[in-house]
Amino acid sequence: MRRTLLTIALVVAAVLVGGSVFSFVTVRKSFPDTTGEVRITGLHGDVVIKRDAWGVPQVYAADERDLFFAQGYVHAQDRFYEMDFRRHVTAGRLAELVGEDAVDTDEFVRTLGWRRVAQQEYEQLDANTRSLLQAYSRGVNSYIEGKSGSELSLEYAILSLKGSEYRPEPWSPVDSVAWVKAMAWDLRSNMSDEIDRSLMAQHMPRAMVEQLYPDAPRLHRPIVGTDALKKASQAAEEIPTLLGIEDGIGSNSWVVDGRHSTTGRPILANDPHLAPSMPGIWYQVGLHCRRVSKGCPYDVSGFSFSGMPGVVVGHNGRVAWGVTTMYADAADLYLEDVEGGTYRYKGKRLPLVTRKEKIKVSGGETRTITVRSTRHGPILSDVDDDIEDVGQRYEVSLRWTALTPRPTISAVFALDRARDWDDFRAAAKLFTVPSQNLVYADVDGNIGYQAPGAIPIRSRGDGRWPVAGWDGKHEWTGYIPFDELPHELNPDEGFVVTANNEVVDDEYPYLIGADFAPGYRSTRIRQLLKEKKQLSVADMTRIQMDAYSANAALLVPRLLRIPLGDRFAREGRDILRGWDYQQRPGSAAAAYFNAVWRNLLELTFHDELPKDQWPGGGERWFDVVRSILDRPNSHWWDNLATPAVVETRDDILTEALVQARDELTRRMSRDTDAWSWGRLHRLTLVNPTLGDSGVGLVNRIFNRGPVEVGGGGGLVDATAWDASDTTDPYAVTAVPSMRMVVDVGRFDRSRWINLTGASGHAYHEHYDDQLPLWADGRTLPWAFGAKAVDRGTEDVLTLRSASG
């Protein structure tokens, strides 16, 4: 896509440099009005939208359809281009918006058929859910009706400069449902690991590949204890249990009961880890029925996705909930024996199912592709080079739970109106894709955990490697019954911690997955929760910013014992002495350690792995290195590029120390006092369409940063970076996309922060106003009750019924 963006950028640069009038008028043209009154057709009554100093809206209505109508309206006010961009991605229509270089993306999404499945899901929804989705869509369309692209967002104005004929089109309920498919894809479990393992196996024995996916040490406790799982049925005992524990990244959430809090009530914390973007993915909102009743049961506040109604993570007047990715294995790759228009299955040749897809291209010719599918799912090797390499002489199809229509979006509405544990579990039962860890707390003092999702039962295997599709021996025989999924109410320990780690132990009768996070974050969170008898809201916020590196605690003592003859190298290494292993932005020791870590991974693994499989350096690699650290003569330490020499562990550690000293001298200074982790570890927020244009002027319009941050991959403050990146390896690649701490029962004492801000409009005051606070680990008061909201209100917009 970069070539298209560069063309756009050059045109824009010429226009902007030539006239500041375009810059000022066009930039502000799309800013929404947030005060006054608007007469609107389709409302049953008046709706009041109150915005605070950060532009966060609290919506008040007497009717549930009016409530979600207004949510659609405010989403469109602040984030319509973001919504439209996502819609094009999920429908496989991105090339219509940005041109030729998005065709490959569209082909892949069309092959998966997200939009087709979303349409089928919408038709399966109950009448009330469809009604609320329709109301949300009417709200979006009420705002965008009659407005040109440039009146909706600056991005449209810039795209029009290159002659794009695209005009924003009305929103539909299926556009909202399709967003669930994008969420499911981002959180699709171990498919990437499955591909990586297969590609590695083409370069080395399978046994060596398995060494790069080691089991986590048993010091990392699973989320749910064995006692909570004894309700599994007798029949389930016959199903093989092949649980594994593997590397992964994701989110943190935890909840403590009133015995462990200073408030005497539960406190719940959550910070989902996602890729950074500008604007950030979350949108803060409050949705309030003026009188909560059966006809209007919503009084909820939290984080939403623009383009989708409801609150995804947050609390209502009775319960609070948080989410982390469970890494349940809900996808399998099948090798298919295809000949012509048929594929082999159980000794027979069956016809491939095919369909044609037409992809329109802005400024180019329409493309037509043929999507082929087997009984297992679409053939991905037609559109993905890596997957084609996995199959070699075979084709590769994907079976994935998200490609079976399920009414997942109805779970959001059910969570928003839940009143107790039973309601919460009923809502979780609808949350079929993607599978998430759900933590719970309520005003009656209860805390809990529920694992939801459509998790397949396999007749054979553990889902870690592609399997033969032609013999019928690796089929899914059903799904784990919801009542037998892991869940726990009021555990004796008094708290629940989830951080993408193993959900259950080996006594659980089903296979949930095989590629969990090793548990470094969950272990650290548990340690911090136990350090104080009672924890406050402020304590929870501090835990979210904890930057302790268990990896450093393991390696640094060894590094300090390595004899270094060179004084210059020793001078660098000496800054590790006395370090508390906290990777704060100003820490010189953290900068040096992470440079050592990057060089250690390069020296140990780059010689044996293909470039696209080089270590990224996250939690799984902590475990890989741990597994060979006490084996000084492991073959991994030997550098194959020096066949006359057999390197040992200490040879590699020595070289990593020396190279890190040289690297930081080049990157920052010869003076170690001038080193800091934040100078290396910087976050730049990039607009997904125009932020990578290659033209500085255009990038500066839409992007923000860089911002120096602490933390790192595998830490509680999980600001991940990619050690395999040869250009800017320490740049932040994933972040806590928001942080929230809920004081359950005294909700107005809760705290929250978003990565960027409420607005998606470049240069708007709320485009990035929360970013400095987020980077510093600060949070904002989270008003919920009517009085607290009124105290913080700065702008009031009233939507009045045109017929009223």
From CA spacing to verdict: side-chain hydrogen bond (donor to acceptor under 3.5 Å, both in side chains), Thr665, Arg661: CA-CA 6 Å; Thr665 299; Arg661 172 48 156 135; 2.9 Å; yes
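- Side-chain N or O atoms of Asp722 include one that pairs as donor or acceptor with a backbone N or O of Ser724 at under 3.5 Å.
- In this structure, CG in Asn252 is found 8.0 Å from OG1 in Thr324, a value given to the nearest 0.5 Å.
- Within the model, atoms CD of Gln544 and CG of Asp717 stand 9.5 Å from one another, a figure rounded to the nearest 0.5 Å.
- In this structure, the side chains of Asp196 and Leu212 stay at 4.5 Å or more apart for every pair of heavy atoms.
- At distances below 3.5 Å, at least one donor-acceptor pair connects side-chain atoms of Thr733 with backbone N or O atoms of Ala720.
- The shortest distance between side-chain heavy atoms of Asp692 and Asn699 does not fall below 4.5 Å.
- In this structure, Leu685 and Asp768 have side chains that are not in contact, with every pair of non-hydrogen atoms separated by 4.5 Å or more.
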Full working for side-chain contact (heavy atoms from CB on, under 4.5 Å) between Gln770 and Leu755: CA-CA 6 Å; Gln770 295 188 49; Leu755 175 63; over 6 Å; no
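- For the pair Arg570 (side chain) and Leu564 (backbone), a donor-acceptor distance under 3.5 Å is present.
- Annotation for Arg577: atom CZ counts as buried by contact number, over 12 foreign heavy atoms lying within 6.0 Å.
- Remark: side-chain polar atoms of Arg598 are not paired, donor with acceptor, to backbone N or O of Ala660 under 3.5 angstrom.
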Let me see the working for Thr654 and Asp651 under side-chain hydrogen bond (donor to acceptor under 3.5 Å, both in side chains), right down to the final yes or no. CA-CA 5 Å; Thr654 300; Asp651 293 327; 5.8 Å; no
Give the C-alpha distance, both sets of side-chain angles, the deciding distance and a yes or no for side-chain contact (heavy atoms from CB on, under 4.5 Å) between Val709 and Trp677. CA-CA 8 Å; Val709 299; Trp677 178 221; over 6 Å; no
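- For Tyr283 and Phe303, the distance between ring centers is not under 6.0 angstrom.
- Atom OG in Ser737 sits 8.0 Å away from atom CG in Asn754 (nearest 0.5 Å).
- Of all the heavy atoms in Ser759 and Arg79, the pair that sits closest is C-NE, 3.7 Å.
- Contact of the Asn551 side chain with the Tyr581 side chain is not registered, since no non-hydrogen atoms from C-beta on lie closer than 4.5 Å.
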Apply salt bridge (Lys or Arg N to Asp or Glu O under 4.0 Å) to the pair Asp630 and Arg558, showing each step before the final yes or no. CA-CA 11 Å; Asp630 290 326; Arg558 301 224 181 210; 2.3 Å; yes
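- Checking side-chain atoms of Arg679 against main-chain N and O of Ala674 turns up a donor-acceptor pair under 3.5 Å.
- Distance OG1/Thr756 to NE2/His766: 12.0 Å, rounded to 0.5 Å.
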Please assess Glu608 against Trp636 for the test side-chain contact (heavy atoms from CB on, under 4.5 Å), listing each intermediate value before the final yes or no. CA-CA 8 Å; Glu608 291 176 274; Trp636 292 108; 3.2 Å; yes
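- Within 6.0 Å of atom CZ in Arg751, more than 12 heavy atoms from other residues, nucleotides or ligands are found, so the atom counts as buried in its surroundings.
- The shortest non-hydrogen separation linking Trp637 to Thr604 is CZ3-OG1, 3.6 Å.
- Around CZ of Arg667, the count of heavy atoms belonging to other residues, nucleotides or ligands within 6.0 Å exceeds 12.
- Closest approach of Asn270 to Gly322, counting heavy atoms only: OD1-CA, 3.3 Å.
- Between Thr689 and Val98, the closest side-chain pair of non-hydrogen atoms falls below 4.5 Å.
- With ring centers used as reference points, Trp254 lies 6.0 Å or more from Phe495.
- Using a distance-only test at 3.5 Å, with no hydrogens or angles considered, a donor-acceptor pair links the side chain of Ser251 to the main chain of His273.
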For the pair Glu571 and Arg567, evaluate salt bridge (Lys or Arg N to Asp or Glu O under 4.0 Å) and give the outcome as yes or no after the intermediate values. CA-CA 6 Å; Glu571 184 183 66; Arg567 179 179 177 182; 5.9 Å; no
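- Remark: Arg464 engages Glu210 in a salt bridge, criterion side-chain N to carboxylate O under 4.0 Å.
- In this structure, CG in Leu629 is found 7.0 Å from CG in Leu653, a value given to the nearest 0.5 Å.
- Side-chain atoms of Arg521 and Asn500 include a donor-acceptor pair closer than 3.5 Å.
- Side-chain contact, His635 with Gln211: a donor N or O sits under 3.5 Å from an acceptor N or O.
- Summarising the geometry of Asp515 relative to Tyr213, their closest heavy-atom pair is OD1-CD2, 4.2 Å, with the distance given to 0.1 Å.
- Of all the heavy atoms in Ala552 and Phe593, the pair that sits closest is CA-CZ, 3.4 Å.
- Closest non-hydrogen pair, Ala517 versus Ala499, comes out as CB-O, 3.9 Å.
- Relative to the six-membered ring of Tyr730, Arg682 misses at least one condition, a distance below 6.0 Å or an angle of at most 45° to the axis.
- At a threshold of 4.5 Å between non-hydrogen side-chain atoms, the residues Val256 and Met540 count as touching.
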Determine, stepwise, if the pair Gln582 / Ser587 fulfils side-chain hydrogen bond (donor to acceptor under 3.5 Å, both in side chains). CA-CA 8 Å; Gln582 289 281 343; Ser587 172; over 6 Å; no
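- Judged purely by atom type and a 3.5 angstrom limit, Ser253 has no side-chain atom pairing as donor or acceptor with the backbone of Val323.
- Judged purely by atom type and a 3.5 angstrom limit, Arg524 has no side-chain atom pairing as donor or acceptor with the backbone of Tyr548.
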Please evaluate residues Leu771 and Val707 with respect to the criterion side-chain contact (heavy atoms from CB on, under 4.5 Å), reporting the C-alpha separation (whole Å), side-chain torsions for both, the decisive distance (0.1 Å), and the verdict. CA-CA 9 Å; Leu771 176 59; Val707 178; 3.9 Å; yes
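- A donor-acceptor contact shorter than 3.5 Å links the side chain of Trp675 to the backbone of Ser669.
- For the pair Phe702/Val686, no side-chain contact is recorded, criterion being any heavy-atom separation below 4.5 Å from C-beta on.
- Put simply, the side chain of Arg704 gets close to the backbone of Arg700: a donor and an acceptor are under 3.5 Å apart.
- Between Tyr520 and Ser549, the side chains place no donor N or O within less than 3.5 Å of an acceptor N or O (distance only, hydrogens not considered).
- Atom-to-atom distance recorded for Leu680:CG and Glu663:CD is 7.5 Å, nearest 0.5 angstrom.
- Between Met738 and Leu274, every side-chain heavy-atom pair lies at or beyond the 4.5 Å cut-off.
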